[in-house]
Chemist: 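I'd like to ask you about the structure that follows.
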Amino acid sequence: MILEKIISDCGVAGLAGPSGVEITSICSDSRQVCQGSLFIAVKGFAGDGHRYIAQALSKGAAAVIYEDEEQMRCQVEAAGPELTEGRAFVRVKSSRLAVAMAADAFYGHPSREIVLVGITGTNGKTTTVTLLYNLFRRLGYKCGLLSTIANYIDGTMLETANTTADPITINSLLRRMVDSGCEYCFMEVSSIGVEQDRVAGLRFNVGIFSNLTHDHLDYHKTFAEYLRCKKLFFDTLPADAYAVTNIDDRNGRVMVQNTKAKVVTYSCRGIADHTCRIVEESFDGMQLRIDGKEVWTRLIGQHNAYNLLAIYTAAILCGAESGEALVQLSLLESAKGRLETLRGPRDISVIIDYAHTPDALENVLKTLREIGPEKHIICLFGCGGDRDRTKRPEMAAVAEKYSDRIFVTSDNSRTERTEDIIEDIRKGFSPSGSAKAISIADRKEAIRAAITLAPDGAVILLAGKGHETYQIIGTEHRHFDEREIVNEVFNSMKTL
């Protein structure tokens with residue numbers, strides 16, 4: 001594809017060199033540059049792509065998009081005339097936005113050829129998109145999935161690194177989905193992804209808002225800014241799209257105030273376009289009444305009632321028949337690491353869940369307490385290092401409120417000392433909470449202690465890791481799968 005077509009929507013402020021040069025690939029990582037590439041220099045948090053322009057030219061880049069004129073000149077001088085002759089240099093107002101718009105154009109605007117459903121919110125994104133993907137596959141459609149856990153092109157899984165991938169990856173995957181015959185794609189959309197223009201240029205048919213609670217303030221700094229970035233997703237939806245919002249959340253109506261899309265509401269408490277009530281609930285599932293029709297689901301908890309109602313609403317808007325959608329809802333199982341239950345000796349149940357915010361932890365613990373008020377509930381959790389410190393004592397207060405015993409431990413401590421994180425967490429306990437809280441920095445040992453010290457019939461929540469199969473210590477990813485550890489402890493208990 002020629003450069004001129006790729007940069008037409010990139011906000012070009014200046015162009016030097018031939019606009020008709022042929023582009024073979026686009027990238028924002030100089031290590032991926034090959035002959036004929038378009039290299040886009042982006043200022044990031046860990047580094048500045050402008051510093052690698054000379055390197056990109058030496059590897060055969062046919063064109064460069066940049067925003068910093070001074071750095072660009074320095075790099076061109078360093079590269080010399082032999083590497084810059086016949087190359088195109090495109091100055092833009094925002095390199096981040098340019099990446100998204102260039103990727104959209106280079107891959108042939110794939111989001112316009114597929115029904116794209118995006119969900120944003122603090123909690124429930126992974127569960128909702130994963131179950132929507134599974135539901136539509138059960139209905140017989142070829143689908144794609146872009147999520148925290150994994151990306152899927154129909155039934156083929158690809159690994160994923162971020163909640164919202166970079167625009168080049170997103171558009172390349174969407175193109176592969178379209179080319180393989182996928183009709184739908186279900187995608188998590190994070191506030192950081194929106195703020196960094198990772199979803200710019202994508203054409204969403206349905207946008208879903210789940211909820212908004214305390215998270216990512218290490219990045220956004222204030223809750224107001226966090227809300228603004230979430231809302232921006234709905235502000236940019238087209239007029240023929242649907243904006244689906246949870247009006248039970250206090251920010252549910254705020255999200256869709258300025259959207260051009262058609263607003264569709266859902267509620268588990270009041271009047272809305274689509275409603276749901278829990279009729280009956282146990283550890284094995286829930287009987288729900290959705291839009292007046294009853295359905296049994298294997299999922300549990302009020303938060304999952306909201307997730308399932310959002311899924312049902314989106315399915316109807318995407319053309320599914322109501323009765324068939326409910327049938328398929330009843331057959332769905334939770335996403336990996338979301339209220340995932342392992343049963344062991346002495347009637348002990350271990351539940352693995354990704355809950356890593358105060359609200360998510362409360363949702364899970366409250367569910368367990370309501371379903372089994374007589375159960376001895378043990379909560380094991382930690383907090384991520386180099387992340388929002390203000391939620392640490394809040395997590396402690398939630399754990400104290402609903403748990404009979406608490407184990408405070410590590411959870412991706414990164415470059416912080418686990419002991420310092422634990423100290424921050426423990427500040428949120430009252431004296432009585434502190435008395436029932438045990439601190440064990442080694443998460444494996446904490447899990448072993450939680451299970452072996454648990455009374456018969458106890459329910460143990462391992463919160464924070466969920467689907468993850470690693471621990472981040474320093475900058476190193478170390479293998480760590482809670483399922484393996486739990487089964488190892490269970491097996492050792494059986495031999496006693």
Chemist: Rounded to the nearest 0.5 Å, what's the gap from OG on Ser267 to NE2 on His274? Could you check?
Modeler: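 If I round to the nearest 0.5 Å, the distance is 12.0 Å.
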
Chemist: Is Glu70 atom CD crowded by more than 12 heavy atoms from other residues, nucleotides or ligands, each under 6.0 Å away?
Modeler: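 At most 12 heavy atoms, drawn from other residues, nucleotides or ligands, come within 6.0 Å of this atom.
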
Chemist: So, does Ser111 use its side chain to make a donor-acceptor pair with the main chain of Leu202 at under 3.5 Å?
Modeler: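 No.
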
Chemist: What I'd like to find out is whether the side chain of Asn151 reaches to under 4.5 Å of the side chain of Leu145, using heavy atoms alone.
Modeler: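 No, side chains not in contact.
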
Chemist: Mind telling me whether Tyr141 and Tyr184 have parallel, tilted or perpendicular rings, with 30° and 60° as the class edges?
Modeler: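 The arrangement is perpendicular - the two ring planes meet at more than 60°.
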
Chemist: Considering only NZ, NE, NH1 and NH2 on the basic side and carboxylate oxygens on the acidic side, decide whether Lys465 and Asp353 come within less than 4.0 Å.
Modeler: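 Asp353 and Lys465: not salt-bridged.
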
Chemist: Should Tyr306 and Asp248 be marked as a side-chain hydrogen bond (donor to acceptor under 3.5 Å, both in side chains) after you check the CA-CA gap, both sets of side-chain angles, and the distance that decides it?
Modeler: CA-CA 10 Å; Tyr306 278 103; Asp248 291 346; 2.6 Å; yes

Chemist: Quick check on Arg203: does its CZ atom have over 12 non-hydrogen neighbours (other residues, nucleotides or ligands) under 6.0 Å away?
Modeler: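 Yes, because the 6.0 Å sphere around CZ of Arg203 holds more than 12 heavy atoms from other groups.
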
Chemist: With distance as the sole criterion, is a donor-acceptor pair present between the side chains of Thr148 and Glu188 under 3.5 Å?
Modeler: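 Yes - a donor-acceptor pair under 3.5 Å links their side chains.
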
Chemist: Starting from the C-alpha separation in whole Å, work towards a yes-or-no answer on side-chain hydrogen bond (donor to acceptor under 3.5 Å, both in side chains) for Asp273 and Thr265.
Modeler: CA-CA 5 Å; Asp273 294 318; Thr265 60; 3.2 Å; yes

Chemist: State, to 0.1 Å, how close Ile114 and Met177 come at their nearest heavy-atom pair, and which atoms those are.
Modeler: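 Taking Ile114 first and Met177 second, the nearest heavy atoms are CD1-CB, 4.1 Å.
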
Chemist: Is a donor on one side and an acceptor on the other found under 3.5 Å between the side chain of Glu362 and the backbone of Val398?
Modeler: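 Answer holds: no.
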
Chemist: So, for Ala241 and Leu237, which heavy atoms are closest and what is the spacing to 0.1 Å?
Modeler: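 Where Ala241 meets Leu237 most closely, the heavy atoms are CB-CB, 4.4 Å.
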
Chemist: Would you indicate whether the side-chain heavy atoms of Phe39 and Tyr66 approach each other to under 4.5 Å?
Modeler: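 No, every pair of side-chain atoms sits at 4.5 Å or beyond.
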
Chemist: Using a cut-off of 6.0 Å, state whether more than 12 heavy atoms not belonging to Tyr52 lie near its atom OH.
Modeler: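 No, the 6.0 Å shell around OH holds no more than 12 heavy atoms from other groups.
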
Chemist: Would you find a donor on one side and an acceptor on the other, under 3.5 Å apart, between the side chain of Arg87 and the backbone of Ala62?
Modeler: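 No; judged by distance alone, with no hydrogens or angles, the pair does not exist.
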
Chemist: Whether the Glu484 and His479 side chains hold a donor-acceptor pair (N or O, under 3.5 Å, no angle test) is what I'd like checked.
Modeler: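 Yes.
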
Chemist: Rounded to the nearest 0.5 Å, how far apart are CD of Glu394 and OG1 of Thr390?
Modeler: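 Nearest 0.5 Å value for the CD-OG1 distance: 6.0 Å.
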
Chemist: Report yes or no: does Thr130 contribute a side-chain atom to a donor-acceptor pair with the main-chain N or O of Thr127 at less than 3.5 Å?
Modeler: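 A pair under 3.5 Å: no.
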
Chemist: Supply the atom-to-atom distance Leu3 CG to Cys10 SG, rounded to the nearest 0.5 angstrom.
Modeler: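 If we round to the nearest 0.5 Å, Leu3:CG and Cys10:SG are 8.5 Å apart.
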
Chemist: Do the two ring centres, one from Tyr133 and one from Tyr152, sit under 6.0 Å apart?
Modeler: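 Yes.
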
Chemist: Do other residues, nucleotides or ligands put more than 12 heavy atoms under 6.0 Å from Glu183 CD?
Modeler: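 Correct, the count exceeds 12.
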
Chemist: Kindly say whether Asp235 contributes a backbone atom to a donor-acceptor pair with the side chain of Asn258 at under 3.5 angstrom?
Modeler: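 Here the side-chain-to-backbone pair does not exist.
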
Chemist: Judged by atom type as modelled, is there a donor-acceptor pair below 3.5 Å linking the side chain of Thr409 to the main-chain atoms of Ile440?
Modeler: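 Checked: pair present.
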
Chemist: Does a salt bridge link Glu340 with Lys336, judged by any charged N lying under 4.0 Å from a carboxylate O?
Modeler: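 Salt bridge between Glu340 and Lys336, a charged N being under 4.0 Å from a carboxylate O: no.
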
Chemist: Could you check if a side-chain atom of Leu174 sits within less than 4.5 angstrom of a side-chain atom of Leu116, using non-hydrogen atoms only?
Modeler: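 Yes, at least one pair of side-chain atoms sits under 4.5 Å.
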
Chemist: Between CG of Asp9 and CE of Met101, what distance do you get to the nearest 0.5 Å?
Modeler: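 Rounded to the nearest 0.5 Å, the CG-CE separation comes out at 4.5 Å.
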
Chemist: For a side chain to side chain contact (heavy atoms under 4.5 Å, CB included) with Val99, tell me which candidate from Val92, Ile26, Ile168 qualifies.
Modeler: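 Among Val92, Ile26, Ile168, the one meeting side chain to side chain contact (heavy atoms under 4.5 Å, CB included) with Val99 is Ile168.
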
Chemist: List in chain and number order the residues that pass salt bridge (charged side-chain N to carboxylate O under 4.0 Å, His left out) with Asp442, two or more places apart in sequence or in another chain; answer none if no residue qualifies.
Modeler: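 Listed in chain order: nothing, the list is empty.
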
Chemist: With a 4.0 Å cut-off on N to O distance, would you call Asp68 and Arg51 a salt bridge?
Modeler: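 Looking at Asp68 and Arg51, the cut-off is not met.
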
Chemist: Before accepting this row, confirm whether a basic side-chain N of the pair Glu225/Arg228 lies closer than 4.0 Å to the acidic partner's carboxylate O.
Modeler: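 Judged by the 4.0 Å cut-off on N to carboxylate O distance, Glu225 and Arg228 do form a salt bridge.
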
Chemist: Where do Asn412 and Glu468 land on the side-chain hydrogen bond (donor to acceptor under 3.5 Å, both in side chains) test, with the steps shown first?
Modeler: CA-CA 10 Å; Asn412 295 338; Glu468 295 178 352; 3.2 Å; yes

Chemist: Can you find a side-chain donor-acceptor pair between Asp359 and Asn123 that sits under 3.5 Å?
Modeler: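 There is such a pair (donor and acceptor under 3.5 Å, judged by atom type) between the side chains of Asp359 and Asn123.
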
Chemist: Would you find a donor on one side and an acceptor on the other, under 3.5 Å apart, between the side chain of Asp104 and the backbone of Ala100?
Modeler: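 Looks like no, no N/O pair under 3.5 Å.
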
Chemist: Kindly say whether Asn307 contributes a backbone atom to a donor-acceptor pair with the side chain of Asn304 at under 3.5 angstrom?
Modeler: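 No; zero donor-acceptor contacts below 3.5 Å.
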
Chemist: Are the side chains of Thr245 and Val263 in contact, using a 4.5 Å heavy-atom criterion?
Modeler: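 SC-SC contact between Val263 and Thr245 confirmed.
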
Chemist: For Lys125 and Thr120, which heavy atoms make the closest approach, and how far apart are they?
Modeler: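 For Lys125 and Thr120, the tightest heavy-atom pair comes out as CD-CA, 3.9 Å.
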
Chemist: If you measure from CD1 on Ile40 to NE2 on His50, what distance do you get to the nearest 0.5 Å?
Modeler: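 Here the interatomic distance stands at 11.0 Å.
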
Chemist: Hey, are the side chains of Pro393 and Ile425 touching, using non-hydrogen atoms and a 4.5 Å cut-off?
Modeler: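 Heavy-atom side-chain distance check fails, nothing below 4.5 Å.
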
Chemist: Side chains of Met255 and Leu212, heavy atoms from C-beta outward: is any pair under 4.5 Å?
Modeler: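 When only atoms from C-beta onward are counted, Leu212 and Met255 do touch, with a gap below 4.5 Å.
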
Chemist: Parallel under 30°, tilted from 30 to 60°, perpendicular over 60°: which one fits the rings of Phe186 and Phe136?
Modeler: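 The arrangement is tilted - the two ring planes meet at 30° to 60°.
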
Chemist: With no hydrogens and no angle check, just 3.5 Å: does a side-chain donor-acceptor pair link Asp48 and Gln71?
Modeler: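 Their side chains do contain a donor-acceptor pair, which is all the 3.5 Å distance test asks for.
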
Chemist: Output yes when Lys391 and Asp388 qualify as a salt bridge under the 4.0 Å nitrogen-oxygen rule, no when they do not.
Modeler: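 Answer for the salt bridge query: no.
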
Chemist: Any donor-acceptor pair under 3.5 Å linking the side chain of Gln32 with the backbone of Cys27?
Modeler: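 Judged by distance alone, no pair lies under 3.5 Å.
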
Chemist: Hydrogens and angles aside, do Ser410 and Gln471 bring a side-chain donor and acceptor to less than 3.5 Å of each other?
Modeler: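 The criterion, which ignores hydrogens and geometry beyond distance, is satisfied for Gln471 and Ser410.
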
Chemist: Please find the pair of heavy atoms, one from Leu139 and one from Ala320, that lie closest to each other, and give the distance.
Modeler: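 Distance-wise, the nearest heavy atoms are CD1-CB, 4.0 Å.
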
Chemist: Side chains of Arg338 and Thr126: donor-acceptor distance under 3.5 Å anywhere?
Modeler: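 Distance-only check passes for Arg338 and Thr126.
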
Chemist: What I want to find out is whether Glu482 reaches Arg443 closely enough, with some N-O distance under 4.0 Å, to be called a salt bridge.
Modeler: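 Result for this pair is yes, salt bridge flagged.
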
Chemist: Taking only Lys NZ, Arg NE, NH1 and NH2, and the carboxylate oxygens of Asp or Glu, determine whether Arg91 and Glu69 approach each other closer than 4.0 Å.
Modeler: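 Between Glu69 and Arg91 there is a salt bridge, with a charged N closer than 4.0 Å to a carboxylate O.
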
Chemist: Using a 3.5 Å distance criterion without hydrogens, assess whether the side chain of Asn246 forms a donor-acceptor pair with backbone atoms of Ser210.
Modeler: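 Confirmed, Asn246 side chain pairs with Ser210 backbone.
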
Chemist: Look at the aromatic rings of Tyr470 and His477 and report parallel, tilted or perpendicular, splitting at 30° and 60°.
Modeler: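 Tyr470 vs His477 ring planes: tilted.
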
Chemist: Output the distance between atom CG (Asn211) and atom CZ (Arg250), rounded to the nearest 0.5 Å.
Modeler: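 So the gap between those two atoms works out to 11.5 Å.
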
Chemist: For Arg387 and His356, test the side chains for any donor-to-acceptor distance below 3.5 angstrom and give the result as yes or no.
Modeler: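 No.
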
Chemist: Under a 4.0 Å threshold between the charged nitrogen and the carboxylate oxygen, would Arg96 count as salt-bridged to Asp197?
Modeler: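 No, Asp197 and Arg96 are not salt-bridged.
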
Chemist: For the residue pair Cys383 and Ile421, what are the closest heavy atoms and their distance?
Modeler: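 Between these two residues, the closest heavy atoms are O-CG2, 3.4 Å.
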
Chemist: Does Lys59, at its NZ atom, have more than 12 non-hydrogen atoms belonging to other residues, nucleotides or ligands within less than 6.0 Å?
Modeler: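 Atom NZ in Lys59 is crowded, with more than 12 foreign heavy atoms closer than 6.0 Å.
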
Chemist: Does the distance from a Lys or Arg side-chain N to an Asp or Glu carboxylate O, for Arg414 and Asp386, drop under 4.0 Å?
Modeler: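 Looking at Arg414 and Asp386, the cut-off is not met.
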
Chemist: Indicate the atoms forming the closest heavy-atom contact of Asp411 with Gly382, along with that distance.
Modeler: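 Closest approach of Asp411 to Gly382: CB-C, 3.8 Å.
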
Chemist: Any luck finding a side-chain donor-acceptor pair between Ser37 and Ser25 under 3.5 Å?
Modeler: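 Yes.
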
